[in-house]
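Each chain gets a letter, A, B and so on, in the order its sequence line appears, and its residues count up from 1.
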Number of protein chains: 2
Amino acid sequence: MGTEQAAEDADAMRADSLAREIFTGVADKWSLLIIEVLRDRTLRFTELRAEVAGISHKMLTQTLRRLERDGVVHRTVHPTVPPRVEYRLTDAGRSLRDTVNGMCAWSRTHLDEIEASRHRFDEQQHA
Amino acid sequence: MGTEQAAEDADAMRADSLAREIFTGVADKWSLLIIEVLRDRTLRFTELRAEVAGISHKMLTQTLRRLERDGVVHRTVHPTVPPRVEYRLTDAGRSLRDTVNGMCAWSRTHLDEIEASRHRFDEQQHA
DNA sequence: CGGTATCCCTCCCGATACTG
DNA sequence: CAGTATCGGGAGGGATACCG
């Protein structure tokens, strides 16, 4: 029993660290912005690049690869010439998007409050 | 009217970019982890540092300052010796935490699915 | 104990160029 | 059009030391 308990604990720890790794992998600026703009649409690489605003060619491919690998976005390659590659959220991606939407909504609803807080804070510093 | 409409548009654009700035300011690994571990507790600097696991002294202060400035965390200094500084989430912080919790939950519930997706992806690459 | 400052180095990310 | 490779600058972030 002692050993069984130890094995369970080890599993729990592995799961925890994996969960944290997944969380921190997804919890970054570009990933979240991509998930946000994809919504329930299907976008091509160039369209995505235009929508995200500020992301470089390289960062977009890098981030899309990670998201694809984690099964958050689905990538469809149409073997035409010129090539046509389309990205859309998977089911898992859509469920993640729902929480990202919450963060976006938070940013918008707390806009004025945050601006005010910043001004207060900056004044305190000068005093 | 033309000019009124233009002014409204300008305001909307300002609000949008500010919202995006706030979003990307908060949407980073360390900020979200701090918000997550604070939950509804009050923690001291050192406790926080122990809980977040992996964060450096410098990053913790930096991130806490940003969160304090944005009115997400509240900082209480007890003028004792040695000093005692406590951090807790503000109301705004707690509402943000709810969405962060969603992301954490997502990481945990999709653990196996993501691991499987990664294995599939990695095999494809070798072929 | 908590915060600030300094140094220093890593690696992130953008710019550019080339392939299919 | 989409992706890969390479390179270089610069910010991010760690380690250390020192103040209050």
Self-check item: Value rounded to 0.5 Å, distance of SG in A:C104 from CD1 in B:I22
Solution: 11.5 Å
For residues 71-79 of chain A, dump all side-chain donor-acceptor pairs below 3.5 Å to protein atoms at least two apart in sequence or in another chain.
from  : atom 1 : to    : atom 2 : distance (Å)
A:R75 : NE     : A:Y87 : OH     : 3.4
A:H78 : ND1    : A:R84 : O      : 3.2

Practice problem: Answer yes or no: is there a donor N or O on one side and an acceptor on the other, between the side chain of A:S117 and the main chain of A:E113, under 3.5 Å? | Solution: no
Self-check item: B:F45 CZ to C:dG3 C1', straight-line distance once rounded to whole Å
Solution: 7 Å
Quiz item: Going by heavy atoms closer than 4.0 Å, what residues in residues 61-89 of chain B are next to DNA chain D?
Solution: B:P83
Exercise. In plain terms, say whether A:R118 and A:E115 are close enough for a salt bridge, that is, a side-chain N and a carboxylate O under 4.0 Å apart.
Key: no
Quiz item: If you round to the nearest 0.5 Å, how far is CG of A:L60 from CG of A:L33?
Solution: 11.0 Å
Quiz item: Tell me the salt bridge (Lys or Arg N to Asp or Glu O under 4.0 Å) pairs involving residues 37-50 of chain A, sequence neighbours left out?
Solution: A:R41-A:E51
Self-check item: For the student: nearest non-hydrogen atoms of A:L32 and B:A27, plus distance
Solution: CD1-CB, 3.7 Å
Quiz item: Is there a residue in residues 28-44 of chain A whose heavy atoms reach under 4.0 Å of DNA chain D, and which residues are they?
Solution: A:R44
Practice problem: Can you tell me the distance, in whole Å, between the CE atom of B:M59 and the C1' atom of D:dT16? | Solution: 18 Å
Hey, what are the protein-to-nucleotides 7-11 of chain D N/O distances that come in under 3.5 Å?
none

Quiz item: About how many Å separate CZ of A:R97 and CD1 of A:I34, when rounded to the nearest 0.5 Å?
Solution: 15.0 Å
Self-check item: Separation of atom CD1 in A:I55 from atom P in D:dG3, rounded to whole Å
Solution: 12 Å
Exercise. Quick one: pull up CG in B:D28 and CE in B:M59 and give me the separation to the nearest 0.5 Å.
Key: 6.5 Å
Quiz item: When rounded to the nearest 0.5 angstrom, what is the spacing between OG in A:S107 and CG in B:D16?
Solution: 11.0 Å
Quiz prompt | Pairs touching residues 9-50 of chain A that satisfy ring pair (Phe, Tyr, Trp, His ring centres under 6.0 Å), sequence neighbours left out | solution = A:F45-A:H57
Quiz prompt | hbond_proxy B:H57 side chain to C:dG3 base (donor-acceptor, 3.5 Å cutoff) | solution = yes
Exercise. Round to the nearest Å and state the distance from B:R49 atom CZ to C:dC1 atom P.
Key: 12 Å
Quiz item: Rounded to the Å, how far apart are A:E47 CD and D:dC1 C1'?
Solution: 11 Å
